[in-house]
Amino acid sequence: MLVMGVESSCDETAVSILRDGKDVLANTVLSQIDIHKAYGGVVPEIASREHVKGVTMVFDTALKEGGVSFEDIDLIAVTEGPGLIGSLLIGINAAKIVSLNYDIPLVGVHHIAGHIYANNIEHDLEFPLLALIVSGGHTELVLMREHYRFEKIGETQDDAVGEAYDKIARVLGLSYPGGPEVDKRSREGEELYEFPRPMIDTDDYDFSFSGLKSHVINLHHNMLQRGETINVNAFCRSFQEAVTDVLVEKTKKAIDAYSVKGLIVAGGVAANSGLRKKMKANVTDIPVYFPSLRFCTDNAAMIAAAGYFKHQTLKHTDHYDLNGHSRLDLAKEGL
Amino acid sequence: MKKTIIINNLDEMDALANHIALFLRPGQVIGLSGDLGSGKTTFTKFLGRHMGIADTIHSPTFNIIQVYENPLPLYHIDAYRLEDIGYDYELDDFIFGDGVAVIEWYPFIETMLPEDMLTLDIQLEGGTKRRVTIEGSGQYEEIIENLGH
Amino acid sequence: MRKSSKTLVIDTATDYLYLAYLEDGIVKDDVHEPGKNDHSVKVVPKIKVILDKNKCALTDINQVIIGIGPGSYTGVRIGVSIAKMIGYMNDVDVYRVSTLALMATASKAEYIVPFIDARRGNAYMALYKQSGDTLSVIKEDRIENIDAFFSRITFMYDKVMTQKPNPEKLFNSEGLLTKVDDIHALAPNYMQITEAERNLRKKHAN
């Protein structure tokens, strides 16, 4: 079965073609990273403009790369959310009109399901499986007992972890995106400050980073007022230790409780070196998968993979009234 | 019209959100200002709940806008990143839309916003205490008039 | 531009979703519905409805006329993306038209001002003159302060905001339709650069 994946939820326009959810025939990504760099972050309006500009070219390139034509495609899968609303609509409407033109079944896919299924391209998923999703917009623990059933067993009650990183970075005067910068500096700093580990001992799998963020900001503010020198690297290190302690602790607790056979860490913060190190050091009895660089950033191969399994597992197809959603509940994705 | 009130704890913040939610109509805009950690997102969470939204409301910093579908939709906007970037015209469809737009860090895009809007400035007063200054004219005056009644 | 063909007209740049199906230059069917943020949901289903009703497949369409704005940025991108894909997939001719020109075709008056609110006291506007069934541009598409624009028009005009267009007039009028040479390069007419670009340019100028 040939599945075409379409992704435009953020700053990459992407089309991929996959055979049976695994074999990548084409993986075309038109990245806007260089354009947004000048602005210190993704600019939604510019992202949307670039998606429209590039949309047909990305389809064309993918078809040529895969050596197939639209007539060969059996299913078209498209990211329906979460993401930048204006950007999502470009990919969705392009996918819908392809579906109508060639009478190809259409399926809308959750972006995070895509990130999880990106791992299936490189190795088969083994259930039960735990996924820790950590990014600028997400912090959640997702349990999968079988294909395409997602149980959200825990999530942040306030800020996403990537967002906390960005805000801390900003207070410390570091450049955007803050995550990689804080990570880099924390490698050069010592844990001089004792920051709280919010919710680390609670009986659930939820997270909270707002209090930690406020604590760090207040300390910074008070030190400045007292005229003390700020050791930025130590701030970064202390913050990162606190964050990763909580992430690892809660993940371990979930691994034990649900006797999972594998752990996937996905999303932008999966690139954090402190998290990678601590997770691998603490989770040793089951395989821990961090996505390879190729599928770490947004791509449409992961959307095609997830779409394939959604279609196979749930026998689900969408109608032409499919819409984009800036937020979307992963738990409802498998229902 | 302008009033300043003291909020002592989360319950009182919840009560304020409840009061404001009672008056909301399609097309209205609420701007929130105050330092990091002052409770802008917390206020929005309470407001959303009183508007009848069951989903957990998260800060929309990364996406800049989150849409909560509801009989009276909530458009939760965070202008934090726009300080450096500038206004985003995509927001027009929501700020001048058919729901209620709540804009955290609204001063960053103030010149692009409707002149007539409700603003809440939340200042930290130590611990859980907050000093909230509420300002609005025209259609928003009834909200402020009836505060504390 | 051939009149002897099956033509699909798409415009999603205003609060109204507009679709028309034409045979040999004559409107056989159309859709003109108000709807603010739901163009994304409705466009493709409505294209299917209008084509099904007229027993025409999308692959039978041999030319597309697309309204490229100005107007709602999110809205116009939906229509333009769809038109680009149709042109690309089926290798058919795509013609772009100003959304304001398309709106002007609705009026029977001699002087016509199509008007789309752009907020903050501004609007997208133009001035067209009509003689017979032919439209010509007097004042080009622009975004301008509403009061300033109208203060300079001293004669009677018809302000068009929500009336249903009559795309048949586009064929008679010189220069309103432009054939798209490179479908990949087709983009909406935003009439404004983004604030982000404006600020960046300012920064570089300093």
Side-chain angles (χ1 to χ4, degrees), chain B residues 25-31 51 53 60-103 105-117 119 137-139, chain C residues 12-17 33-43 68-81 99 115-124 142-147 161-162 187-206:
Chain B
R25 292 191 296 267
Q28 291 194 318
V29 179
I30 301 174
M51 287 169 67
I53 293 159
T61 309
F62 184 74
N63 286 350
I64 294 178
I65 177 162
Q66 299 278 35
V67 177
Y68 294 86
E69 283 143 28
N70 194 44
L72 179 60
L74 170 66
Y75 306 129
H76 188 194
I77 295 167
D78 188 340
Y80 189 78
R81 286 179 48 213
L82 300 181
E83 182 185 16
D84 302 324
I85 297 171
Y87 185 73
D88 196 296
Y89 289 112
E90 281 194 7
L91 296 176
D92 273 8
D93 292 335
F94 301 99
I95 291 171
F96 303 90
D98 40 21
V100 169
V102 175
I103 309 169
W105 301 97
Y106 80 92
F108 292 157
I109 55 170
E110 200 167 9
T111 57
M112 307 302 273
L113 298 176
E115 279 175 34
D116 195 13
M117 62 186 279
T119 59
S137 58
Q139 54 173 317
Chain C
T12 58
T14 75
D15 285 349
Y16 279 74
L17 164 62
E33 299 191 346
K36 250 192 139 129
N37 290 341
D38 60 354
H39 287 344
S40 166
V41 175
K42 281 187 182 168
V43 187
I68 57 156
S72 153
Y73 289 171
T74 303
V76 70
R77 280 192 279 265
I78 292 166
V80 169
S81 300
T99 294
F115 179 98
I116 303 167
D117 189 4
R119 317 296 177 189
R120 296 166 281 272
N122 299 325
Y124 301 108
R142 70 199 55 214
I143 177 167
E144 198 183 330
N145 179 274
I146 297 166
D147 297 336
M161 292 167 70
T162 59
N189 175 20
Y190 299 108
M191 300 225 79
Q192 295 182 94
I193 61 167
T194 62
E195 284 295 304
E197 287 166 288
R198 207 191 313 273
N199 291 336
L200 193 67
R201 282 181 200 179
K202 247 192 271 168
K203 211 164 84 185
H204 285 173
N206 291 342

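In what follows, chains are A, B, ... by sequence order, proteins preceding strands, each numbered from 1. Just so we're clear, the structure is a prediction, and the values are computed from it rather than from any experiment. Reckoned from all heavy atoms, side chains included, excluding hydrogens, waters and symmetry mates.
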Check: Of the listed residues (Thr74(C), Asp117(C), Asp15(C)), which shares the most heavy-atom pairs with chain B below a 4.5 Å separation?
Finding: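 Looking at each option in turn, the highest pair count goes to Thr74(C).
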
Next item on the list: Under 4.5 Å, counting heavy-atom pairs only, tell me which of Gln192(C), Arg198(C), Lys203(C) racks up the most with chain B.
Entry: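 Top option by heavy-atom pairs under 4.5 Å: Gln192(C).
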
Margin query: At a heavy-atom distance under 4.5 Å, which candidate from Met112(B), Glu90(B), Glu115(B) has the highest pair count against chain C?
Written below: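 Among the listed options, the one with the most contacts to chain C is Met112(B).
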
Next item on the list: Pick whichever of Tyr87(B), Phe94(B), Tyr89(B) has the most heavy-atom pairs under 4.5 Å with chain C.
Entry: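 Winner by heavy-atom pair count: Tyr89(B).
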
Item checked: Inter-residue atom distance Leu91(B).CG - Glu195(C).CD, 0.5 Å rounding ->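 Between Leu91(B) CG and Glu195(C) CD, I get 11.5 Å after rounding to 0.5 Å.
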
Next item on the list: Indicate the atoms forming the closest heavy-atom contact of Asp92(B) with Ala118(C), along with that distance.
Entry: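 Minimum heavy-atom separation between Asp92(B) and Ala118(C): OD2-O, 4.2 Å.
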
Notebook entry, point to check: Which pair of non-hydrogen atoms, one from Gly86(B) and one from Asn199(C), has the smallest distance, and what is that distance?
Noted result: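 Minimum heavy-atom contact is CA-ND2, 3.3 Å.
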
Next item on the list: Decide yes or no on side chain to side chain contact (heavy atoms under 4.5 Å, CB included) for Arg120(C) and Phe96(B), but give the supporting numbers first.
Entry: CA-CA 10 Å; Arg120(C) 296 166 281 272; Phe96(B) 303 90; 3.7 Å; yes

Checklist line | Segment of Glu197(C) engaging chain B (4.5 angstrom heavy-atom cut-off) | finding: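 Neither part.
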
